[in-house]
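Quick notes on the structure that follows.
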2 protein chains.
Amino acid sequence: SSDLDWKIVNTIRVLSAEMVQAANSGHPGAPMGCAPATYVLFKKFLKFNPKNPNFAGRDRFVLSNGHASALIYSLLHLFGYDLTMEDLKAFRQLGSRTPGHPENFVTPGVEVTTGPLGQGISAAVGLAMAESHYGAIYNKHDVQLVDNFTYVMVGDGCLQEGVASEAASLAGHLKLGKLIVLYDDNKIQIDGSTDLAFTEDVRMRFEAYGWQVLSVADGDNDLAGIEAAIRAGQAETTKPTLICVRTTIGYGSAGQGTEKVHGAPLGGAGLTKVKSFFGLDAEKPFHVEEDVRAELAGFIERGAALEADFNKRLEALAAADLALGAEARRRLVGDGAGGSLTPSHTLPAAWLAAIQGVVDGVSDGVTPAIATRKASQMVINALAPVLPELIGGSADLTGSNLNYLDCSHDYQAATPAGRNVRFGVREHAMAAICNGLHAYGGMLPFCATFLNFIGYAQGAYRLSCLSHHQVIYIMTHDSIGLGEDGPTHQPIETLVSLRATPGGLTLRPADVRETAGAYQAAVSFRQGPSVLALSRQNLPQLKGSCHLSVAKGGYLLGEHGSGERVVTLVATGSEVALAEEVAERLAATPGGDLRVRVVSMPCTQLFDQQPLAYRQEVLGGVGAPVVSIEAGSTIGWSRYAHLTVGIDTFGASAPYTEVYQKVGLVPEAIVPRVEAFLKHVQAAGGQAGTLPTLQEF
Amino acid sequence: SSDLDWKIVNTIRVLSAEMVQAANSGHPGAPMGCAPATYVLFKKFLKFNPKNPNFAGRDRFVLSNGHASALIYSLLHLFGYDLTMEDLKAFRQLGSRTPGHPENFVTPGVEVTTGPLGQGISAAVGLAMAESHYGAIYNKHDVQLVDNFTYVMVGDGCLQEGVASEAASLAGHLKLGKLIVLYDDNKIQIDGSTDLAFTEDVRMRFEAYGWQVLSVADGDNDLAGIEAAIRAGQAETTKPTLICVRTTIGYGSAGQGTEKVHGAPLGGAGLTKVKSFFGLDAEKPFHVEEDVRAELAGFIERGAALEADFNKRLEALAAADLALGAEARRRLVGDGAGGSLTPSHTLPAAWLAAIQGVVDGVSDGVTPAIATRKASQMVINALAPVLPELIGGSADLTGSNLNYLDCSHDYQAATPAGRNVRFGVREHAMAAICNGLHAYGGMLPFCATFLNFIGYAQGAYRLSCLSHHQVIYIMTHDSIGLGEDGPTHQPIETLVSLRATPGGLTLRPADVRETAGAYQAAVSFRQGPSVLALSRQNLPQLKGSCHLSVAKGGYLLGEHGSGERVVTLVATGSEVALAEEVAERLAATPGGDLRVRVVSMPCTQLFDQQPLAYRQEVLGGVGAPVVSIEAGSTIGWSRYAHLTVGIDTFGASAPYTEVYQKVGLVPEAIVPRVEAFLKHVQAAGGQAGTLPTLQEF
Ligand SMILES: [Ca+2]
Ligand SMILES: [Ca+2]
């Protein structure tokens, strides 16, 4: 390594510390420790095109220890990405492209959002899986089209997180030979020495997972050692590689090697000392010397050449196999495919016909009651042949979630062209991996478990939403309707939790048609994840249900009775049929003057986006009484209803019809409550009060 | 092992399969495979008193693979617990004591609720930590008072879960020598062979964590081997032990060794075949032979003797040290302490005075603005000296969560008397371990991280609620108020998610007095967990705030202006001061006739429990306009307010005052919205419509 190399490394260290100092907030220690390893990676290995961060042939780099964000911003700036010195100076400021933790939708060159620990390395497993899958389907006719590495930088925090353990175990199982993880082994975490809480043998653990484990003894000073280790990582093609790089946190600072430099600025004097230690001019803030700039300028040309080479290979593939080449272009290049900013690719038009086919298969009065998880199975198996980007699996509940794509086979180390992933009992990593699959570009990943256990994956689901990852969550057994497994498995708070998380859709269809419509909404929604909440139990096909109306969130299913007093029952999923029954009974009261409207509301978030006039019309008009019925927490329903019927306790272990009975979700219990409510409305002159969703302030 | 031993083992196997058959639901495979190991454990090792399942000196047994519930019910029945044959026949039926998954609050002898995979083994780490802590503080004066083992049965599913990995790593770090885990190593999971997804070297992984790892080659037939392994586990006192017991799922059934016997009844014919394979009478369902009964009858006497021996030791301790003996009795024996059913022990009266002391330290107009996380630090450090049961720590954010108990030291392998646990970056295991600490009895555990990352621990938080574990969650940095760390760290959906989970309290205090009151509510609430949502940023001391009123959930803080038109602003935590500012501005409108009431609502769940009249009074009366202000999702607030001001998008990375500005949580943005709303109310004759919380149907 040359003096200039060291000058660049030290420039990275100092820039990062300066950013934190300017913001008076952030983490200088990790960037200063990780600068050598990441510099070697960017300079010697990482294939990228700074002028087109989404270039499909690029290697992927994930900074899993996202609090070291100043490091990646420094690197991106120096290596020619569209990130200016002004951007660096605006670190952690409102509207800047250099937020506190790296965000894929903000900063060019950031593949996935990190910061919540363990998410980056787990998403990286998804990135590496995507590469192996694409390689299996597109590396044909002697063209090696897809052939990139996935590199990750992690710290102690990530490696303590369960989600990372899950993902690492699966990565070893899948023999992801192109996944190379650099571990910032600095023996320090926020509370102090790792001796406080983390004394396991990390090397042995990763060997147990089936990884190659390498070490670099002096990660602060040994650039050649780092290079050799990464090269050895590349050479091992049947195992992921963990490179334990022994570093010093805050290297070069007064507090180096201690937790003091983890999460606080070094201070003006501290920074001056650091700059003098590294032989940089303390009088010049945010300064990059000319020779450093000159040395790195070549990466722009190099990037363009790499992209040109990829395009040549893509052309060669198309020349050998026109359809395959077109398909590879659609998914990999697309209209801006890839993790950075807003990835998207065009879907084959045929998918809508596949949905329509399922809808057309339903005959009112003929099609029997079917669980919506079963309907989901019908839909994904209609979609799978026409949507090759549909890839995913279950956390070891395939036979219950009914998510298997019959047109394909298992995705395994020996069969990477398969589209059915066996995630194992690893809900959190499953969701994080799907984020990574999506971030690679050209993928429409799905994952599956019981709805209740999306809670285990909350950290990753939140990032699906924040980072605009279109992941389809097939969540079955969506209520007390699962019956005997009992309250440990029966979601109560889950639906409202999901609805309150910005950026995603929560879809709870009521029958086969609505399930088809829910998939239509989910596949159409490119900006984030969709959760499909699906029943274990059979549900009747509803007269008046409409797959196209799912896109409106809620719609009038039908009316019972023809009286003058109007009441609207709004329900979702398995409770729509229950609402119909309640409506029938209410309307049938002898001498009654009721007209009972039933609204199906498969997605409150889509309903909220409808014009006010539509919302008013669907809910029966301003002031008209509305009752909600859903087998879950009533919290949240007051936006849409005056009387909210649901479950605000835990469920019970019993045959599901008995559980419904126990919690009062049966007509015998609901009808009197609605009647008491309507009596109150009558006493108030027929007005139930305006609803929040029918107001706009 | 005698023929009778095998008869008992086979009786357990058959009883379990019969329960599943009778319920036509459940999991026969694991009980049939695990019967030998658990029988040896119960017969040869486990110290218990079937007639007093909470006897303090007992060993703890956790069935982490909770879907094998029929197994523990069979064992409890046969070994003399208060679980009758009728109870077994009512497996998975409404109101039975034999629910689908074991529930500590339902079935005597069940220490912790299991079923959600990975929770049991993680809670068991907490149980073992409690034992080591109690041993350190009570095994004095030559009395070995506390000296129990914690045994766990786990399956492949638990070992794939991240939460279990986190807990196992920490258990190794803590050298929990009395934790012995039996691993049902049957090479099958729900989807099929473990080769599908789980090919890591489990033995090596646990060795990497610092565990002793032992094996039993034939767990179906080798009772002596099982016994020898458990004995070797006991002999290793400085490491937890994992015993890999190679078994056959559904041993003795036609589908043995396959996933087919995992989660479905064997069928009538299948059951007959099993019974004949084991030489039991196929004509006698739910039958236990006399010699089996006779062999196990002695466990009742044995249990009584074990309890008498414990009591003798407790008396000896009290004789040597009256205060220490009394304290041990208070915490360990209590009034029904221990995991099973509703654990509780009496708290020392002095804790209320400690709370009062913090309150008395606040002077209106003198005490400066203080972050509520800092107020929390004051309160727990006031409580800690008088509440020795307060034990816990942070997921590596001690300096940010401010949770360190200054009167104690670290809980570590070498210092188990310490009360500050270093959980590492393991949020999920942290919460699960706290469940275990509480289940041991006599403990008041707490855990800490940023509020946003309670999402990582959702699976365990839910079990705190369901299983009535009084765990205090100290969740700081509770909103966009954390500023620069950005949207990855800023909770939006978290508060409503917590409020929608039945069984817990979510407390968001506004200043020092309310923080003291929040702790008073949390310590008083013995039936479940409390989450304290605490600010990173400084908050002013509010005139009119009252620690005692926190117990009512919401209360009138004060009024601004004296006009005739009344509007109520309801806010929580950091937004109460904002509401005061908004109120001041609204009331100061020239020529205005407004009277603006500010309600502080630290806990909606407690407010919901107040009498209707109180709720009406606090919110200003039926029909009076109410506006809510909270820096989180507005979902849920329509129960309490007509206009809900909050954040329904993700936050941003910037200094926190700028983030507040960006999302419109500043007086300049809120005042016009409230004015527009009030104009609408005036147009409607002054009535804003009744609120759900002010109605009762
Ligand atoms: Ca570290
Ligand atoms: Ca198994």
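Only the side chain of A:Asp410 comes within contact range of chain B, with heavy atoms under 4.5 Å apart. If you measure heavy-atom distances from A:His27 to chain B, the contacts under 4.5 Å come from the side chain alone. Using a 4.5 Å cut-off between heavy atoms, A:Ser25 touches chain B through its side chain atoms alone. In this structure, the portions of A:Thr501 lying under 4.5 Å from any heavy atom of chain B include both its backbone and its side chain. Both the backbone and the side chain of A:Glu484 come within contact range of chain B, each with at least one heavy atom under 4.5 Å from a heavy atom of that chain. At a 4.5 Å heavy-atom cutoff, A:Cys158 makes no contact with chain B through either its backbone or its side chain. Heavy atoms of A:Thr398 lying under 4.5 Å from chain B belong to its backbone as well as its side chain. Using a 4.5 Å cut-off between heavy atoms, B:Glu161 contacts chain A through both its backbone and its side chain. With a threshold of 4.5 angstrom between heavy atoms, A:Ser638 approaches chain B through its backbone and through its side chain. Neither the backbone nor the side chain of A:Arg203 comes within less than 4.5 Å of any heavy atom in chain B. In this structure, chain B has a heavy atom under 4.5 Å from the backbone of A:Phe423, while its side chain stays farther away. With a threshold of 4.5 angstrom between heavy atoms, B:Asp195 approaches chain A through N, CA, C or O but not through any side-chain atom. Residue A:Gln490 touches chain B through its backbone alone, counting heavy-atom pairs closer than 4.5 Å. Interface remark: A:Leu643 contributes side-chain atoms only to the contact with chain B (heavy atom separation under 4.5 Å). Of the two parts of A:Thr114, only the backbone, made up of N, CA, C and O, holds a non-hydrogen atom closer than 4.5 Å to a non-hydrogen atom of chain B. Looking at A:Glu207, the atoms closer than 4.5 Å to chain B (heavy atoms on both sides) sit in the backbone and in the side chain alike.
Interface summary for chain B: among A:Gly689, A:Gly263, A:Gly26, A:Ala197, the most heavy-atom pairs under 4.5 angstrom belong to A:Ala197. Listed options B:Thr604, B:Thr693, B:Asn452, B:Thr690 were ranked by heavy-atom pairs under 4.5 angstrom with chain A; first place goes to B:Asn452. Between chain B and the residues A:Lys662, A:His642, A:Gln687, A:Lys679, the most heavy-atom pairs under 4.5 angstrom are made by A:Lys662. Your options are A:Pro655, A:Ala684, A:Gly632, A:Gly172, and the one with the most heavy-atom pairs under 4.5 Å with chain B is A:Pro655. Counting heavy-atom pairs closer than 4.5 Å to chain A, the top residue among B:Ala652, B:Gly459, B:Ser169 is B:Ser169. Highest contact tally toward chain B, considering only A:Gly210, A:Pro692, A:Gly157, A:Pro116, is held by A:Pro116 [criterion: heavy-atom pairs under 4.5 Å]. When the candidates B:Leu397, B:Ile647, B:Thr98, B:Val163 are compared by the number of heavy-atom contacts under 4.5 Å with chain A, B:Leu397 comes out ahead. Taking A:Glu658, A:His489, A:Arg205, A:Arg639 one by one and counting their heavy-atom pairs under 4.5 Å with chain B, the maximum is reached by A:His489. The residue among B:Ile492, B:Leu174, B:Leu498 with the most heavy atom pairs within less than 4.5 Å of chain A is B:Ile492. Per-residue counts of heavy-atom pairs under 4.5 Å with chain A were compared for B:Ile635, B:Val496, B:Leu466; the largest is that of B:Leu466. Across B:Ala676, B:Pro487, B:Ser165, the residue that shares the most heavy-atom pairs under 4.5 angstrom with chain A is B:Pro487. Annotation: maximal heavy-atom pairing with chain B below 4.5 Å, among A:Arg92, A:His67, A:Gln458, occurs at A:Arg92.
Note that the NE2 atom of A:His173 and the OG1 atom of B:Thr199 stand 5.0 Å from one another [nearest 0.5 Å]. For the atom pair OH (B:Tyr456) and CG (A:Leu117), the distance works out to 6.5 Å, reported to the nearest 0.5 Å. Atom CD of residue A:Glu493 and atom SG of residue B:Cys465 lie 8.0 Å apart, to the nearest 0.5 angstrom.
A donor-acceptor pair under 3.5 Å links the side-chain atoms of B:His101 to the main chain of A:Asp485, judged by distance alone. Side-chain N or O atoms of B:Gln160 include one that pairs as donor or acceptor with a backbone N or O of B:Asp156 at under 3.5 Å. Remark: the backbone N or O of B:Ala171 is not paired with any side-chain donor or acceptor of B:Trp211 at under 3.5 angstrom. With hydrogens and angles disregarded, no donor-acceptor distance shorter than 3.5 Å links the side chain of B:Gln93 to the backbone of B:Ala23. Using modelled atom types, no side-chain atom of A:Ser653 and backbone atom of B:Pro99 make a donor-acceptor pair closer than 3.5 Å. Here the side chain of A:Thr634 pairs no donor or acceptor atom with the backbone of A:Thr644 at under 3.5 angstrom. Between the side chain of A:Glu427 and the main chain of A:Gly455, no donor-acceptor pair closer than 3.5 Å is present.
The aromatic rings of A:Phe206 and A:Tyr209 lie perpendicular to each other, with more than 60° between the two planes, well past the 30° mark.
B:Arg426 and B:Asp396 are not joined by a salt bridge, as no carboxylate oxygen comes within less than 4.0 angstrom of a charged side-chain nitrogen.
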